[in-house]
Amino acid sequence: MKIFKNFVIIFLLMTINNLNANENSERNEITKNLRCLICQGQSVYDSDSDFANSMKILVDKKLDEGLSEKEIYIYFKEKYGDWILYDPGLNKNTYLLWLLPILIFLFGGAIIVKSFIFKK
Amino acid sequence: MIYSVTGHYSLILGLCVGLALVYFSIRNFRNSNQLDTKILTFSFLQLFFVLVSFISLIISFIISDFSNETVFNNSHTTKPLFYKISGTWGNHEGSLLLWLLVLTIFIFIFILRTNNQPIKYKILTVGFQQVIIIGFFLFLIQTSNPFNYLFPVPDEGLGLNPILQDPALAIHPPILYLGYVGSSIIFSSALAATTLKIVSTSWAIHIKKWVLISWIFLTLGILLGSIWAYYELGWGGFWFWDPVENVSLMPWLALTTLLHCILVLERKEILTSWVIILSIATFTLSMCGTFLVRSGILNSVHTFANDPERGLFILVFLFALIFLSLFIFFFFHQTSKNNSSNFFWLSKETSILVNNWFMMYFLSVVLIGTVYPIFLDVISSQKISVGPPFYHKLIAPFLIPFLFAMAIGPRLKWIRSDLKDKIYLISLLIISILISFFIVKNFNTNILINTILISSALYLFFITLRDFFSKKYKNFAQNTAHFGFSLLILSILFNNLFSSEIITNLKVGETYDNSKTKIVFESINQKKEKNYKSIIANFNITNSEGINNNLSPELRIYNQPNITTSEADIKTTLMKDKFIVINLVQNQDYFNVRYQVKPFMLWIWLSVIMISLGGLVSFLQKRI
Amino acid sequence: MKKKLIPYSIILIFLIIFAVFYKSLKDTNIYTPETKINNDIPIFSAELLLSNENSNSTEIFELDKFYLLNIWASWCVPCRDEHPILMSLSKNNKLIIIGMNYKDNKKNAKKFLDELGNPYEKIIVDKNGTNSIEWGAFGVPETFIIYNNKIIKKYIGPLNNELLIEIQKIIK
């Protein structure tokens, strides 16, 4: 059994080969978070529409100008509204969005724990 | 033309049969010494009429009968035969007819194959199912008739979207619907069982097969959709947290939880409330999905044409079903107060409860993420988007304890357990963490969370792997499914970490070289096919190990409708996929080229198949 | 009484959910980005189509005058439909019409103007589409009304007679 385990471990390690650093990875991260506004539910990264391609060029330009990821998001939010960002962020519109699942989780946990305390 | 008439009147006849069935059910319920054979024959008759209707629609598509509005909107004479046929269910009206077909098939099989259950229960199930079926008949005939007549008859159709002309996409709806609609039987029978107060071990044993069927098809249906998105949509992604994808995931989560509860209920009389609620929830979520996708309320790549009237009908129908179920649950169900609900905190019962807890959390994340923007818009007219970052942030951290629970839970005994093999379990844990850290430390991003995630998945992987060879743990079906799940998480994580991509613009004859990868744009072939013009670009790609590949992505320029699609060329090997796409650039003579190396893609698909295999094994197992 | 609380509150929750979905169906569901009005116009410099010189936004847009910026392209079909309206607006001397030629080919653009007429006093070239994004546009055709270097109105899609009357009212 141990031999088999070791074999699996070595096998896994060997398959993790060259780790290519991604070119443009920051631009990719940003465009993955931007919605393509004329597509039906695609990110700028995924889309190949005119709008998306122009957006990619503009994101590159802004990165060259030295803007940070956050600043670029603010820049686009100014022009198009919150809808263009896929990450809904934490603001007065989205507190409930983030909190509700967490509350449900805690509530579920409380019920389970309570049912054990109840028994004792 | 004759087919449209046949199809249309067949639907009306089917509706009438449905009404008759309701009448016979009520009558039989009062006098239920044995099942009225009319119920069986009329169910068959209803199935027959829907089948005739469905076949009429298929024939209308095959012969390109453009006097039929649905055929006109969705087909074209130059479409290959296979896609003419699959075009039948690739549109709103036709897909609803497919829903009806599966609904009627399943209830018929249910009546035929249910033998050890009370007569009243069978009748009541038929009754509830007919409520659903009649609702769908009305919806179809009233708002989404596949047999509307067009005059004057057009010469040519508007053509099916070429992106939808694909083998995987052709069979994706039928398989997915077998899953969605299979849950209708679970819904109807759970309501029937609740009303008659027979939600118990023997009922669970009986319904388990239906749950498994529905679950297996739903899993495979979702898999097919992902595979299609991966190679057809040309982006290299397979899951986008798109509303329509979420809408298929939610019933799956509910159904998986239900499956686990049923597996408990078939041995002990506990979790009856969970089982009933989950049975209701699964089908409700399927219907809710139908509503969200067809009403125009959501924006997605997949949505059908917007039509608020249809949305309104489904909304009212859906909530009528919800209120009916709620009434039945609160009125008839009594939680069992017997002693079998006394169990120690470390026990199999608890681990199932923990499973339910986490699954309901995941379900709520997906549900809230999908539906919140609608609520926000109505209440405060603010529009936001909820995309992948939201789901990843809320799901990934919780997967960690979940995976551990999956590893430990099945080894616990009923009522009270102590953990045997503690040393063995802990040492495997340490090994998992070490391996995972070694893998992740070469990256600078998110070392901690990735390490912990990978180690918990690895842990489950090793434990289930070892259990295959162990004599003590005999549940092969469960082990396969859990092992498959661990493999799925690992594949997704590795794929995420180790994928790489090159995006560049190249003209024919040019080369891209970044010292790790060399891409040579060798040549172009142009061809004329039946309904599109094809541009095939030939690339030769050399990676840093000197391995050479020839890949030929294609551009297809369709005439009807006038769009261009990009067909990726993917070289799949056991360990990685090499993926390349080209795109036209407006007004330029170069192409935009995207090349990706994506490790473990094949394992993502295989692991999901393995999960379904676990379900299949359970389905085929004889009860011990 | 407490036992009844749970069922009733659940039913209430579902009623609320139903109401929300119902209302949302009634509202329009094509999203148009909030017409961010009263934003400053972007500062940019660009090449002019017909003269091949460079110009910048301060030169093009002066204060105290009404401007109409129209984003168009020769390959855009609705642009042809709205062109007559632009031609008639160009005759109004209270309004100066500036064009932005979006992702187009110079020859085709000039042919378009020769064929349908040129209502634009100046035409900016937006070769890669980034300039129109600076304006907050996302396709063609789109039209902006500018006064004192602020965007006071934005129209998405082609202009029609109704909008023509509206524009004429604004510039009075």
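Residue numbering restarts at 1 for every chain, and letters A, B, ... go by the order of the sequence lines.
Side-chain rings of F105(A) and F358(B) approach one another, their centers coming within less than 6.0 Å.
Between I102(A) and L394(B), some side-chain heavy-atom pair lies under the 4.5 Å cut-off. Contact of the I503(B) side chain with the K56(A) side chain is not registered, since no non-hydrogen atoms from C-beta on lie closer than 4.5 Å. In this structure the side chain of Y372(B) reaches within 4.5 angstrom of the side chain of L96(A), judged on heavy atoms. Contact annotation: the side chain of I104(A) approaches that of I368(B) to within less than 4.5 Å [non-hydrogen atoms, C-beta and beyond]. By the 4.5 Å heavy-atom criterion applied to side chains, F240(B) and D46(A) are counted as neighbours. Contact annotation: the side chain of L100(A) never approaches that of S364(B) to less than 4.5 Å [non-hydrogen atoms, C-beta and beyond].
Using a 4.5 Å cut-off between heavy atoms, N53(A) makes no contact with chain B at all. For L363(B), no part lies under 4.5 angstrom from a heavy atom of chain A. If you measure heavy-atom distances from F375(B) to chain A, you find no contacts under 4.5 Å at all.
Once rounded to the nearest 0.5 Å, the distance linking CZ of R594(B) with CG of D48(A) reads 7.0 Å. In this structure, N93(A) CG and L376(B) CG are separated by 5.0 Å, a value rounded to the nearest 0.5 Å. Considering CE of M360(B) and CZ of F107(A), their distance stands at 14.0 Å, rounded to 0.5 Å. Here the CG atom belonging to D242(B) is positioned 11.0 Å from the OG atom belonging to S43(A), to the nearest 0.5 angstrom.
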Can you check side-chain contact (heavy atoms from CB on, under 4.5 Å) on L97(A) and F390(B), steps first, answer last?
CA-CA 9 Å; L97(A) 172 69; F390(B) 173 79; 3.5 Å; yes
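Closest heavy-atom contact between W357(B) and G109(A): NE1-N, 3.0 Å. Smallest separation of non-hydrogen atoms from I384(B) and D82(A): CG2-CB, 4.0 Å.
Counting non-hydrogen atoms of other residues, nucleotides and ligands closer than 6.0 Å to CZ of F468(B) gives a total above 12.
Judged purely by atom type and a 3.5 angstrom limit, S385(B) has no side-chain atom pairing as donor or acceptor with the backbone of I84(A).
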